[in-house]
Amino acid sequence: MDSLVQQRLAFERERTVGWVMITIGLLFVAGSVWFAAAGSPLSWAMAVFWTVWACFGIRRVATSRRTQQAFEREHGATAGVRR
């Protein structure tokens, strides 16, 4: 069993990775749509890919939030907080 600090770091890391995935996905979706509007046919497929990528990021953020809530219900709101 991991310590409380390690458990908290794990779901904070998942949340951070999720937000990075969302940010990168949305930036690349915008770029793909821009290129698709310029006439590149493959860009629409890439826009779909990056949209799915961003959706997986949203899922990771939501999962980490649920994990955090369960952790805080079990151990308290300040459990595992580094000071």
Checklist entry - Taking ILVMFWY side chains as joined if any heavy atoms are under 4.5 angstrom apart, and letting links pass through other members, which residues group with V61? => result W19, I22, L26, I58
Checklist entry - About how many Å separate CZ of R8 and NE2 of H75, when rounded to the nearest 0.5 Å? => result 10.0 Å
Item to check | Listed partners of R13 passing side chain to side chain donor-acceptor pair (under 3.5 Å), at least two apart | outcome: none
Checklist entry - With sequence neighbours left out, which residue pairs that include part of residues 18-27 fulfil the salt bridge (Lys or Arg N to Asp or Glu O under 4.0 Å) condition? => result none
Item to check | Test log, rule side chain to side chain donor-acceptor pair (under 3.5 Å), inputs R66 and Q69 | outcome: CA-CA 5 Å; R66 283 192 302 271; Q69 289 172 343; over 6 Å; no
Item to check | Sequence neighbours excluded, every pair satisfying salt bridge (Lys or Arg N to Asp or Glu O under 4.0 Å) that has a member inside residues 35-61 | outcome: E14-R60
Next on the checklist: Quick test of your reading: applying salt bridge (Lys or Arg N to Asp or Glu O under 4.0 Å), list the pairs with at least one residue in residues 44-57, sequence neighbours left out, ordered by first then second residue.
Outcome noted: none
Next on the checklist: Let me check something: do I24 and L27 share a hydrophobic cluster, defined by ILVMFWY side-chain heavy atoms less than 4.5 Å apart, either directly or through other members?
Outcome noted: no
Checklist entry - Do the side chains of F28 and F35 join up, straight or via other hydrophobic residues, at under 4.5 Å, putting them in one cluster? => result no
Checklist entry - Taking the hydrophobic residues Ile, Leu, Val, Met, Phe, Trp and Tyr, and joining any pair whose side-chain heavy atoms are under 4.5 Å apart, which ones share a cluster with F11? => result L4, F71
Checklist entry - What about V52 and V20, same hydrophobic cluster or not, with Ile/Leu/Val/Met/Phe/Trp/Tyr joined at side-chain heavy-atom distances under 4.5 Å? => result yes
Checklist entry - So which heavy atom on S32 is nearest to which on M46, and how close? => result OG-CB, 3.7 Å
Checklist entry - Would the number of heavy atoms belonging to other residues, nucleotides or ligands and lying under 6.0 Å from CZ of F56 be above 12? => result no
Item to check | Atom pair CZ/OG1 of R15 and T63 - distance to nearest 0.5 Å | outcome: 13.0 Å
Next on the checklist: Running the 4.5 Å side-chain criterion over Ile, Leu, Val, Met, Phe, Trp and Tyr, what cluster does V5 land in, apart from itself?
Outcome noted: L9
Next on the checklist: Quick test of your reading: applying side-chain hydrogen bond (donor to acceptor under 3.5 Å, both in side chains), list the pairs with at least one residue in residues 39-52, sequence neighbours left out, ordered by first then second residue.
Outcome noted: S40-S43
Next on the checklist: Can you pull out every salt bridge (Lys or Arg N to Asp or Glu O under 4.0 Å) where at least one residue sits in residues 32-54? Sequence neighbours excluded, please.
Outcome noted: none
